[in-house]
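A short worksheet on the structure shown next.
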Amino acid sequence: MAFTCFHAGVTEEVPSDTRRGNFESCWKTLDEHYCFFEEKQKSFGLDWNEVHARYTPMINERMTSRQLFEVLGKMVNELRDGHV
């Protein structure tokens, strides 16, 4: 018996496996799923879109994996949430 699976109309973009793609994927995942942005904005004025604008210029394809990791770590630390 054969089964066929397909998802009609699914157009989810998968970011490229590049430094920029990984950065965008990390930022977007938090943007779409982190539940405390409102509280962070109220408590210390976090603007997640401003964080994106500030960190985007730091990303380039010549950086090492370690450098990317460090930039992503600093970006995530902007949340001031040890659980992230």
Parallel, tilted or perpendicular: ring planes of W27 versus W48, cut at 30 and 60 degrees: parallel

Rounded distance (nearest 0.5 Å) linking atom CD of E24 with atom CG of D31: 10.5 Å

Backbone of R19 reached by a side-chain donor or acceptor of E61 within 3.5 Å: yes

Step-by-step salt bridge (charged side-chain N to carboxylate O under 4.0 Å, His left out) determination, K74 to E70: CA-CA 6 Å; K74 289 177 184 177; E70 289 172 4; 5.7 Å; no

Joint hydrophobic cluster, F69 plus L30, side-chain heavy atoms closer than 4.5 Å: no

Lys/Arg N to Asp/Glu carboxylate O, K42 vs E38, below 4.0 Å: yes

R20 CZ to L68 CG distance, which is reported to the nearest 0.5 Å: 10.0 Å

4.5 Å side-chain heavy-atom contact, N22 and C26: no

Pairwise side-chain contact, H52 with M75, heavy-atom cut-off 4.5 Å (strictly under): no

Interatomic spacing from CG in N60 to OG1 in T18 - rounded to 0.5 Å: 11.0 Å

More than 12 heavy atoms of other groups within 6.0 Å of F36 CZ: no

Test item: D81 and K40 side chains (from C-beta on) under 4.5 Å apart, heavy atoms: yes

Residue pair M63 / Q67: nearest heavy atoms and the distance that separates them: CA-OE1, 3.1 Å

Backbone N/O of G21 and side chain of S25: donor-acceptor pair under 3.5 Å: no

Min side-chain heavy-atom separation F37-L79 under 4.5 Å: yes

Smallest separation among heavy atoms of Q41 and L46, with atom names: CG-O, 3.3 Å

